[in-house]
Amino acid sequence: MDNILEIRNLQVYLDNKPILKEVNLSIKKGKITAIIGPSGCGKSTLLKSINRIIEEEKNSKVHGSILLKGEDIKSINKEHIRKNIGCVFQIPAPFPFSIYKNMIYALKYYGIKDRAKLNNIVEKNLKMVGLYEEIKDNLNISALKLSGGQQQRLCIARTLTVEPEIILMDEPCSALDLNNTIKIEETLKKLSDNYTIIIVTHNLAQARRISNYTAFMLNGQIEEYDETKKLFTNPIKESTRKYISGLFG
């Protein structure tokens with residue numbers, strides 16, 4: 001199976017403090033990979049390294065390499081990286097204008113102006129996240145008037161408009177209720193037919209439900225990485241067993 005992303009000997013320092021230590025990880029194309037581990041183990045830093053957001057942080061140093069389809073991301077324009085590797089954060093972050101303007105914001109930036117084409121892309125991606133039927137008559141209202149769950153699905157749909165190859169998710173359901181969490185999970189499983197998804201989650205049950213592969217992180221390193229079912233039912237490392245058993249974290 002093809003690996004779309006190869007992380008090799010990745011080390012990240014913030015203010016000279018090591019956050020990631022020799023991280024090695026291969027991400028399978030068209031699959032959902034969950035990253036689990038206790039708070040402070042480096043999960044979010046790993047995500048931010050994948051689309052080079054970490055480089056915007058003051059006093060950050062990055063060593064090692066991340067290869068996107070064989071090409072080191074350091075040699076790729078940041079704008080191109082962030083178009084191909086989208087990110088959805090823990091707290092929904094719609095722009096403070098209409099739903100429609102949220103959806104066409106990136107498209108217009110990249111030069112798409114044809115109204116019919118814009119409308120088709122908006123409808124297609126709102127349907128992809130199960131939001132279109134809920135808001136189709138209110139596309140011109142402020143996106144901030146949507147519920148938290150709707151805002152998060154809007155943010156996912158907005159990310160999809162530029163057709164990224166990889167979608168990074170940083171605890172996308174942690175601020176949502178059960179009903180909206182179920183909707184997001186259903187959306188992610190559907191999206192994995194066409195996208196590669198990497199999700200950071202504290203919710204171990206969620207990782208088991210939706211991911212194909214799981215990486216367990218501890219103290220800035222990958223402790224164990226395997227198919228999700230195998231990692232949760234027959235972990236190799238004692239530390240993995242203790243974490244998924246709830247003995248720490």
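Please read these numbers as outputs of a predicted model, since none were measured by experiment.
Between Gln152 and Asn180 the shortest side-chain heavy-atom distance does not fall below 4.5 Å. Put simply, the side chain of Ile121 does not reach to within 4.5 Å of the side chain of Leu160, judged on heavy atoms. Proximity of Pro235 to Ile244: side-chain heavy atoms (C-beta onward) are separated by under 4.5 Å at one or more points. Residues Ile4 and Lys69 have side chains in contact (heavy-atom distance under 4.5 Å, counting atoms from C-beta outward). Using a 4.5 Å heavy-atom threshold, the side chains of Ile7 and Ile50 count as touching. Inter-residue side-chain proximity for Gln206 and Glu185 is flagged as met; some heavy-atom pair is nearer than 4.5 Å. A 4.5 Å side-chain heavy-atom check between Asn84 and Pro164 finds every atom pair outside the cut-off.
A donor-acceptor pair under 3.5 Å is formed between the side chain of Glu171 and the backbone N or O of His202. Checking side-chain atoms of Ser211 against main-chain N and O of Thr214 turns up no donor-acceptor pair under 3.5 Å. Under a 3.5 Å cut-off, the side chain of Lys43 and the backbone N or O of Gly37 do form a donor-acceptor pair. For the pair Asn24 (side chain) and Asn9 (backbone), a donor-acceptor distance under 3.5 Å is present. With hydrogens and angles disregarded, no donor-acceptor distance shorter than 3.5 Å links the side chain of Glu6 to the backbone of Ile27. Arg153 places a side-chain N or O within donor-acceptor distance of the main-chain N or O of Gly130, the cut-off being under 3.5 Å. A donor-acceptor pair under 3.5 Å is absent between the side-chain atoms of Ser142 and the main chain of Ser98, judged by distance alone. The main-chain N or O of Ile141 is never found under 3.5 Å from a side-chain atom of Asn138 such that the two would form a donor-acceptor pair. Between the side chain of Ser75 and the backbone N or O of Asp72 there is at least one donor-acceptor pair closer than 3.5 Å. With hydrogens and angles disregarded, no donor-acceptor distance shorter than 3.5 Å links the side chain of Arg158 to the backbone of Tyr105.
The environment of Lys108 atom NZ is sparse: at most 12 non-hydrogen atoms of other residues, nucleotides or ligands sit within 6.0 angstrom. Within 6.0 Å of atom CD in Glu163, 12 or fewer heavy atoms from other residues, nucleotides or ligands are found, so the atom counts as exposed in its surroundings. Within a 6.0 Å sphere centred on NZ of Lys230, heavy atoms belonging to other residues, nucleotides or ligands number 12 at most.
Expressed to the nearest 0.5 Å, how far OG1 of Thr159 lies from CG of Asn125 amounts to 10.0 Å. Interatomic distance, OG1 of Thr33 versus CD1 of Ile35, reported as 7.5 Å (0.5 Å rounding). The CG atom of Asn179 lies 10.0 Å from the CG atom of Leu176; values are rounded to the nearest 0.5 Å. Note that the OG1 atom of Thr240 and the CD atom of Glu224 stand 3.5 Å from one another [nearest 0.5 Å]. Between the CD1 atom of Ile99 and the CG atom of Leu131 there is a distance of 7.0 Å, given to the nearest 0.5 Å. Expressed to the nearest 0.5 Å, how far CG of Asp226 lies from CG of Leu231 amounts to 6.0 Å.
Relative to the six-membered ring of Phe95, Lys101 misses at least one condition, a distance below 6.0 Å or an angle of at most 45° to the axis. For the pair Lys242 and Phe248, the cation does not sit on the ring face, since its NZ or CZ is not both under 6.0 Å from the ring centre and inside 45° of the axis.
When all heavy atoms of Phe97 and Asn102 are compared, the pair lying nearest together is O-ND2, 3.3 Å. Nearest heavy-atom pair, Asn16 versus Lys61, reported as atom, atom and distance to 0.1 Å: OD1-NZ, 3.3 Å. Residue Ile91 comes nearest to Ala175 through the heavy atom pair CD1-CB, 4.2 Å, listed as atom of the first residue, atom of the second, then distance. Nearest heavy-atom pair across Lys21 and Gln221 is O-CG, 3.2 Å. For the residue pair Thr196 and Lys28, the shortest heavy atom distance occurs at CG2-O, 3.4 Å. Closest heavy-atom contact between Cys41 and Leu218: CB-CA, 4.1 Å.
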For ring pair (Phe, Tyr, Trp, His ring centres under 6.0 Å), just list the numbers for Phe216 and Tyr225, CA-CA rounded to whole Å, side-chain angles, deciding distance to a tenth of an Å, and then say yes or no.
CA-CA 6 Å; Phe216 169 52; Tyr225 175 55; over 10 Å; no

Before you tell me yes or no, could you show the steps for Thr181 and Asp177 under side chain to side chain contact (heavy atoms under 4.5 Å, CB included), namely the whole-Å CA-CA distance, both residues' side-chain angles and the distance that decides it to 0.1 Å?
CA-CA 6 Å; Thr181 294; Asp177 60 21; 5.7 Å; no

What do the steps show when you test Arg208 against Thr233 for side chain to side chain contact (heavy atoms under 4.5 Å, CB included), and what is the final call?
CA-CA 10 Å; Arg208 294 183 76 155; Thr233 58; 4.2 Å; yes

Output, in order, the C-alpha distance, side-chain angles, deciding distance and verdict of side chain to side chain contact (heavy atoms under 4.5 Å, CB included) for Asn203 and Arg209.
CA-CA 10 Å; Asn203 187 332; Arg209 282 193 299 267; 4.2 Å; yes

Would you sort out whether Ile66 and Arg8 count as a side chain to side chain contact (heavy atoms under 4.5 Å, CB included), showing the intermediate values?
CA-CA 6 Å; Ile66 299 175; Arg8 298 177 180 172; over 6 Å; no

So Glu79 and Lys83, salt bridge (Lys or Arg N to Asp or Glu O under 4.0 Å) or not? Walk me through it.
CA-CA 6 Å; Glu79 184 178 286; Lys83 181 178 183 291; over 6 Å; no

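Between the side chains of Ser44 and Asp170, at least one donor N or O sits under 3.5 Å from an acceptor N or O. Remark: the Tyr13 side chain and the Asn59 side chain contain no N/O donor-acceptor pair separated by less than 3.5 Å. With hydrogens and angles left out, the side-chain atoms of Gln90 and Ser174 include a donor and acceptor closer than 3.5 Å.
Taking the charged nitrogens against the carboxylate oxygens, Glu133 and Lys136 do have a contact shorter than 4.0 Å, which makes a salt bridge. Using a 4.0 Å cut-off between charged side-chain N and carboxylate O, Glu186 and Lys189 make no salt bridge. Glu134 has a carboxylate O that lies under 4.0 Å from a charged side-chain N of Lys183, or vice versa, which qualifies the two as a salt bridge. Salt bridge status for Glu57 with Lys48: present, with a side-chain N to carboxylate O gap under 4.0 Å. Under a 4.0 Å N-O distance rule, the pair Glu56/Lys78 qualifies as a salt bridge.
Each of Leu67 and Ile54 belongs to its own hydrophobic cluster when Ile, Leu, Val, Met, Phe, Trp and Tyr are linked at side-chain heavy-atom distances under 4.5 angstrom. Cluster annotation: Val23 and Ile199 are assigned to distinct hydrophobic clusters (Ile/Leu/Val/Met/Phe/Trp/Tyr, side-chain heavy-atom contacts under 4.5 Å, transitive). Under the 4.5 Å side-chain heavy-atom criterion for Ile, Leu, Val, Met, Phe, Trp and Tyr, Leu168 and Leu68 are members of the same hydrophobic cluster. Criterion: ILVMFWY side-chain heavy atoms under 4.5 Å apart, direct or through other members. Under it, Ile73 and Ile166 are part of a common hydrophobic cluster. Leu46 and Ile53 are members of different hydrophobic clusters when ILVMFWY side chains are connected at heavy-atom separations under 4.5 Å.
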